[in-house]
Amino acid sequence: MKEVEREKDPVELAIKSSQPSLIDRAIDSIIEPFSPERVARRMESRQELGYRRAMLAYAATRPTYQRGMAFGSLTSEDAELPGYDRFTLITECRDLYRNFGLIRAGVNGIAKRSVATGIYPKFSTSNDAWNKEAYRQWCDWSENCEIRGMMDIHAICRQLIRSCFFDGDMGIRFCKGEDLMLQLVEADLVAQNMRVGINMDTINPIGGVILNQETGRPIGYMVGRRGLGGILDKSEVVPAEAFLLPFRAQRVDQVRGIPLLAPVIGTARDLDRYI
C-alpha cells in the first residue's frame, strides 16, 4: 500500500502551491513577450493561492482571523465581535446600507412590513364620548410623539428595524413634559465617554449598559452626544425606566444588539465587487 504522506509544514505547502506547473511555465513563456504584466498577475495569483492553502490546512488548530477567539475565555455575545470592535462594525454595516443597492433594498423591504399604525388601543368603557376622545388623543400622540416632530410612530418602528440591521439596536428615551415624547438615540451614542473598552470601565457598563451584577438586569444606560470629530462626549446615566433599547437577542446574557448585517459583510462586499 502506498504510504500516507505526513502533513506538510505550512511554509512548505505555500512554496509548493506558488510554484508554476509545466503547463503554467509554457503559458507564461508564450504570453510574456506580449504582456509581461499579465504574467506578473498570474504569479501573484499563484502566491495568494499558496498562502490560502497554507492557512486553511491548519484552520482547526491555529488561530486565524476568523477564529481569533477560539481558545479564549467565553464572553458575552455582544462583547465578543471577532475582527471588529462595535463601532467599526457599525461603520461597515452603515456603509453597506448606504452604498450597496441590494442591501438597502432588502433592509427597506423588511422595514416596510412594520404595522405600527395598525395597532391601537380599543377603549370600551360605558362612556362612549370618553372612548372617542381617548382614541382621538391616541391618534394625535402617535402622529406627533417624536421629540423633533419629524416622525410618527410608524416611521419610528421602521427606523428601529433598519437600525437593528446596520447598528444592532436603537435607543428610545422617554422625555417627560406636558406630554410623553420619544427621543431616538443611535446605537453609537450609547456608550461611555471616549468609547472606553469594557475591560477598562470603572462603573461596569457593557457597551454603555449598566447592569445589576446580582440579577443582570439593566439599571441604566450611558447616553452621550457627538462632539468634535464625532467623538462621543458628555455621556450621562439615564435610568432604565426612562430608556428602551430594543434589539434581537441571540443569547441569554446579551445586553446589546449585534448588527444583523454582520454575518454577510464579506459576502456582500464580494457580490458588490462582482457586479
Side-chain angles (χ1 to χ4, degrees), residues 69 73-82 84-91 93-94 116 141-142 144-151 153 155-260 262:
M69 295 293 293
S73 59
L74 290 174
T75 60
S76 172
E77 182 81 7
D78 51 339
E80 180 184 309
L81 300 175
Y84 294 94
D85 59 57
R86 174 177 302 282
F87 302 101
T88 303
L89 183 59
I90 289 174
T91 301
C93 292
R94 286 183 183 180
W141 179 84
S142 64
N144 303 279
C145 56
E146 203 256 333
I147 197 168
R148 301 174 304 165
M150 299 177 63
M151 295 184 180
I153 193 69
I156 290 175
C157 287
R158 285 184 294 179
Q159 181 59 52
L160 173 59
I161 294 172
R162 288 194 296 266
S163 293
C164 283
F165 274 91
F166 50 74
D167 285 355
D169 49 39
M170 184 184 77
I172 302 176
R173 187 173 183 175
F174 304 135
C175 303
K176 294 182 179 180
E178 294 183 3
D179 295 313
L180 175 65
M181 303 298 290
L182 306 180
Q183 180 183 15
L184 306 187
V185 181
E186 289 195 313
D188 60 298
L189 300 183
V190 183
Q192 196 176 29
N193 278 349
M194 308 301 290
R195 299 168 179 169
V196 179
I198 62 172
N199 294 327
M200 299 173 61
D201 292 335
T202 56
I203 58 174
N204 203 34
I206 299 179
V209 184
I210 305 173
L211 302 176
N212 182 317
Q213 293 305 296
E214 295 182 358
T215 65
R217 184 184 182 92
I219 58 178
Y221 297 86
M222 300 290 294
V223 180
R225 61 185 182 183
R226 293 189 183 93
L228 184 64
I231 300 299
L232 195 67
D233 189 23
K234 298 182 179 178
S235 288
E236 59 177 346
V237 178
V238 179
E241 58 268 19
F243 198 84
L244 185 65
L245 190 70
F247 63 92
R248 178 179 291 180
Q250 301 176 23
R251 284 174 49 183
V252 175
D253 64 348
Q254 189 174 341
V255 296
R256 290 297 306 268
I258 298 175
L260 300 181

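All values below come from the heavy atoms of this structure, side chains included, with hydrogens, waters and symmetry mates left out.
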- Message: I need the Asp233 CG to Leu189 CG distance, nearest 0.5 Å.
- Response: 11.0 Å

- Main-chain N/O of Phe247 paired with Asp169 side-chain donor or acceptor, under 3.5 Å: no

- Query: Is Val237 close to Met222 at the side-chain level, that is, under 4.5 Å between some pair of heavy atoms?
  - Reply: yes

- Is it true that a side-chain atom of Arg256 and a backbone atom of Ala187 form a donor plus acceptor pair closer than 3.5 Å? yes

- Take Gln183 and Val223 through the side chain to side chain contact (heavy atoms under 4.5 Å, CB included) test and state the conclusion after the steps. CA-CA 12 Å; Gln183 180 183 15; Val223 180; over 6 Å; no

- Note on the structure: Note: Phe243 and Gly171 closest approach over all heavy atoms is CZ-CA, 3.5 Å

- Task: Give the minimum heavy-atom separation between Met170 and Ile156, together with the two atoms involved.
- Result: CE-O, 4.3 Å

- Query: Tell me, do Leu184 and Ile172 make a side-chain contact under 4.5 Å, heavy atoms counted?
  - Reply: yes

- Item | Closest non-hydrogen atom pair between Gln192 and Leu232, with its separation | O-CD2, 3.3 Å

- Item | Gap separating the CG atom of Leu211 from the CD atom of Glu214, nearest 0.5 angstrom | 12.5 Å

- Task: Only counting residues at least two apart or in another chain, list the ones meeting side-chain hydrogen bond (donor to acceptor under 3.5 Å, both in side chains) with Arg217.
- Result: none

- Note on the structure: With sequence neighbours left out, the residues meeting side-chain hydrogen bond (donor to acceptor under 3.5 Å, both in side chains) with Glu146 are Arg148

- Query: Is any side-chain heavy atom of Val185 closer than 4.5 Å to a side-chain heavy atom of Tyr221?
  - Reply: no

- Please confirm whether the backbone N or O of Leu180 pairs with a side-chain atom of Trp141, one donor and one acceptor, at under 3.5 Å? yes

- Note on the structure: d(Cys164 SG, Gln159 CD) to nearest 0.5 Å is 10.0 Å

- Working to the nearest 0.5 Å, report the span between CZ of Arg94 and CZ of Phe87. 10.0 Å

- How close do Ser235 and Ala191 get, heavy atom to heavy atom, and via which atoms? OG-O, 2.8 Å

- Can you name the nearest heavy-atom pair linking Gln254 to Arg248, along with the distance? NE2-O, 4.0 Å

- Item | Minimum-distance pair of heavy atoms, taken over all atoms of Pro259 and Leu89 | CD-CD2, 3.7 Å

- Message: Are Phe174 and Leu182 packed together at the side-chain level, in the sense that at least one heavy-atom pair is separated by less than 4.5 angstrom?
- Response: yes

- Side-chain heavy-atom pair Leu245, Val255 within 4.5 angstrom cut-off: no

- From CD1 (Ile147) to CG (Asp179), nearest 0.5 Å: 11.5 Å

- Note on the structure: Taken in chain and number order and not counting sequence neighbours, the residues that satisfy salt bridge (Lys or Arg N to Asp or Glu O under 4.0 Å) with Glu236 are Arg173

